[in-house]
Chemist: 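Following this message is one structure expressed as structure tokens.
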Amino acid sequence: MTAWFPLASMSAPRIEAQPVLLEAAPVAAELDLPPPAPPVPTVQDMMADGVVIVVSKPSQRMFVFRDGELWKESPVSTGKKGHTTPSGVFAILQKRVKHRSNIYSNAPMPFMQRLTWSGIALHAGHLPGYPASHGCIRLPRAFAASLYQLTKFGSTAVIVTDAPLIRSSAAATLAGLVDSPVPDDGTLPGAEPVRLAAAAMERMPSALAAQAAAPERAGPVRRGGGQTIQLAAATSPGEATAHWSRLVRARPDLAGLDRTIEPATVNSKRYYRLRVTAPGAHALCGTLKRSGIDCFAVS
């Protein structure tokens, strides 16, 4: 007689669990990916460490800053009616000591620094005292030669604006307000440099517009009880200028005040003091402190 046993009493064969091996995902280095592209520098970056050139078409004047400090300024001649020099932010795309126009009758363009591939450039030329070029920015020959030696690819920004700038301090403030990137479009054949900041530059606060058109005054002016306050002690002129621009962006009412950047040495270390002189500056300092802005009275 055959015996039957319940299934429950039968022991199932033991199966050893096998470890599951998962192949590790390859790390980035194993994929041989190119390194990320470096960030495109902005005008503010170059104002702190580089060269920034500001060209005012209404004033027919150029202001050149090196590491945030005024290097030189000069009269210019920009594009005449029908050939207006475009406004915006440009990079230096090409440089040639001896160059001739391939558009306008082989005209000489000494110390040429190209801003666009369509023919706009900085170069030495005749300055009659008014806009007279076909779009280029003409400079005195000696100034053009010096500027040519100063500028470098990748660390120079050129701002062309419709704002009437007479004072170098106003030009510096304007440059600090522009946070546009300055791409070197020489890597993009036939492409024009972007002009993203053209509109932003013209939206200056009214106080800055008034400051821009006012005659330059030599040094701090202490008019009838004028007081001086200090807003920062920076490690470079560019850092001080950038700080001032941030303050003006937050408080446009500061733009019309007399501001200076004064070098000083403390414990063998060089500093650049950002100071403002104006009647009632001490009261202003108190207001700034209450809004969280560092400030203290100097005199």
Side-chain angles (χ1 to χ4, degrees), residues 39 41-54 63-71 73 155 157 159 165 167-180 182 197 200-201 204-212 214 216-223 225-299:
T42 66
V43 173
Q44 292 178 356
D45 293 333
M46 294 183 185
M47 198 63 179
D49 183 14
V51 174
V52 175
I53 300 169
V54 180
F63 304 89
V64 182
F65 301 91
R66 177 174 59 186
D67 299 338
E69 201 164 17
L70 181 67
W71 175 71
E73 58 182 274
S155 62
I159 300 172
L165 304 175
R167 304 181 61 184
S168 61
S169 58
T173 299
L174 175 60
L177 289 171
V178 178
D179 57 1
S180 170
V182 189
M201 286 189 297
M204 293 191 304
S206 57
L208 176 55
Q211 180 199 36
E216 188 76 79
R217 291 184 288 267
V221 178
R222 291 170 173 81
R223 311 182 283 272
Q227 300 168 334
T228 299
I229 58 177
Q230 183 163 310
L231 298 168
T235 56
S236 71
E239 182 183 329
T241 300
H243 184 70
W244 173 249
S245 298
R246 288 192 294 271
L247 291 177
V248 169
R249 188 179 293 111
R251 293 284 302 264
D253 56 307
L254 298 177
L257 301 179
D258 292 312
R259 73 110 176 103
T260 58
I261 297 174
E262 303 175 12
T265 302
V266 180
N267 296 329
S268 301
K269 188 171 182 179
R270 192 73 161 173
Y271 292 95
Y272 295 86
R273 294 167 170 167
L274 174 62
R275 293 181 170 182
V276 163
T277 298
H282 290 178
L284 171 64
C285 189
T287 302
L288 295 176
K289 284 182 178 178
R290 286 191 290 275
S291 63
I293 297 174
D294 290 337
C295 175
F296 67 86
V298 175
S299 65

Chemist: Specify the closest pair of heavy atoms between Leu288 and Ser291, including all atoms of both residues, with the distance to one decimal.
Modeler: O-OG, 2.8 Å
Chemist: List in chain and number order the residues that pass side-chain hydrogen bond (donor to acceptor under 3.5 Å, both in side chains) with Arg246, two or more places apart in sequence or in another chain; answer none if no residue qualifies.
Modeler: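 Applying side-chain hydrogen bond (donor to acceptor under 3.5 Å, both in side chains) to Arg246 gives none.
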Chemist: Over all heavy atoms of both residues, which pair between Ser236 and Ala48 is shortest? Give the atoms and the distance, please.
Modeler: OG-O, 4.5 Å
Chemist: Shortest non-hydrogen contact from Ser155 to Met46?
Modeler: C-SD, 3.7 Å
Chemist: Checking Asp49 side chain against Asp67 main chain: does a donor-acceptor pair fall under 3.5 Å?
Modeler: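 Side chain of Asp49 to backbone of Asp67, a donor-acceptor pair under 3.5 Å: no, none is there.
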Chemist: His282 side chain to Ser299 main-chain N or O, any donor-acceptor pair under 3.5 Å?
Modeler: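 Such a contact is found between His282 side chain and Ser299 backbone.
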Chemist: With rounding to the nearest 0.5 Å, note down the distance linking CG in Leu70 to CZ in Phe63.
Modeler: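 The distance works out to 8.0 Å.
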Chemist: Are the side chains of Leu284 and Arg251 in touch, meaning some heavy atoms are under 4.5 Å apart?
Modeler: yes
Chemist: Could you tell me if the side chain of Trp244 sits less than 4.5 Å from the side chain of Thr173, heavy atoms only?
Modeler: yes
Chemist: To the nearest 0.5 angstrom, please state how far the CH2 atom of Trp71 sits from the OG atom of Ser168.
Modeler: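 Rounded to the nearest 0.5 Å, the CH2-OG separation comes out at 14.5 Å.
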Chemist: Taking the side chain as every heavy atom from C-beta outward, state whether Glu73 and Val64 have any pair of such atoms under 4.5 Å apart.
Modeler: no
Chemist: Minimum heavy-atom separation for Ala175 to Val52, with atom names?
Modeler: CB-CG1, 4.0 Å
Chemist: Is the shortest heavy-atom distance from the side chain of Phe65 to the side chain of Met47 under 4.5 Å?
Modeler: yes
Chemist: Would you find a donor on one side and an acceptor on the other, under 3.5 Å apart, between the side chain of Gln230 and the backbone of Phe296?
Modeler: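 Side chain of Gln230 to backbone of Phe296, a donor-acceptor pair under 3.5 Å: no, none is there.
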Chemist: Taking all non-hydrogen atoms of both residues, which atom of Val43 and which atom of Ala157 are closest, and how far apart?
Modeler: CG2-CB, 4.3 Å
Chemist: Do the side chains of Thr277 and Arg259 get nearer than 4.5 Å, heavy atoms only?
Modeler: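 No; the side chains remain at least 4.5 Å from each other.
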Chemist: Side chains of Val276 and Thr228, heavy atoms from C-beta outward: is any pair under 4.5 Å?
Modeler: no
Chemist: Where is the tightest heavy-atom contact between Glu69 and Pro237, given as atom of each residue plus distance?
Modeler: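 Scanning both residues, the minimum pair turns out to be OE1-CG, 3.6 Å.
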Chemist: Measure the CG-CG distance between Leu165 and Leu174 for me, rounded to the nearest 0.5 Å.
Modeler: 5.5 Å
Chemist: Can you give each donor-acceptor pair under 3.5 Å made by side-chain atoms of residues 263-271, sequence neighbours left out, with the distance rounded to 0.1 Å?
Modeler:
residue, atom, partner, partner atom, Å
Thr265, OG1, Arg270, NH1, 3.2

Chemist: Could you walk me through whether Leu274 and His243 pass the side-chain contact (heavy atoms from CB on, under 4.5 Å) test, one step at a time?
Modeler: CA-CA 9 Å; Leu274 174 62; His243 184 70; 3.7 Å; yes
Chemist: Which pairs count as disulfide bond (SG atoms under 2.5 Å apart) when at least one residue sits in residues 255-299, sequence neighbours excluded?
Modeler: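 Of all non-adjacent pairs touching residues 255-299, those that pass disulfide bond (SG atoms under 2.5 Å apart) are Cys285-Cys295.
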Chemist: Heavy atoms, side chains only, cut-off 4.5 Å: are Asp294 and Leu231 in contact?
Modeler: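 Sidechains of Leu231 and Asp294: no contact.
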Chemist: Report the C-alpha separation of Ile229 and Val298 in whole Å, then their side-chain angles, then the decisive distance to 0.1 Å, and conclude whether the side-chain contact (heavy atoms from CB on, under 4.5 Å) test is met.
Modeler: CA-CA 5 Å; Ile229 58 177; Val298 175; 5.6 Å; no
Chemist: With heavy-atom distances below 4.5 Å as the criterion, would you say the side chains of Ile293 and Leu247 are in contact?
Modeler: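 Touching, per the 4.5 Å side-chain cut-off.
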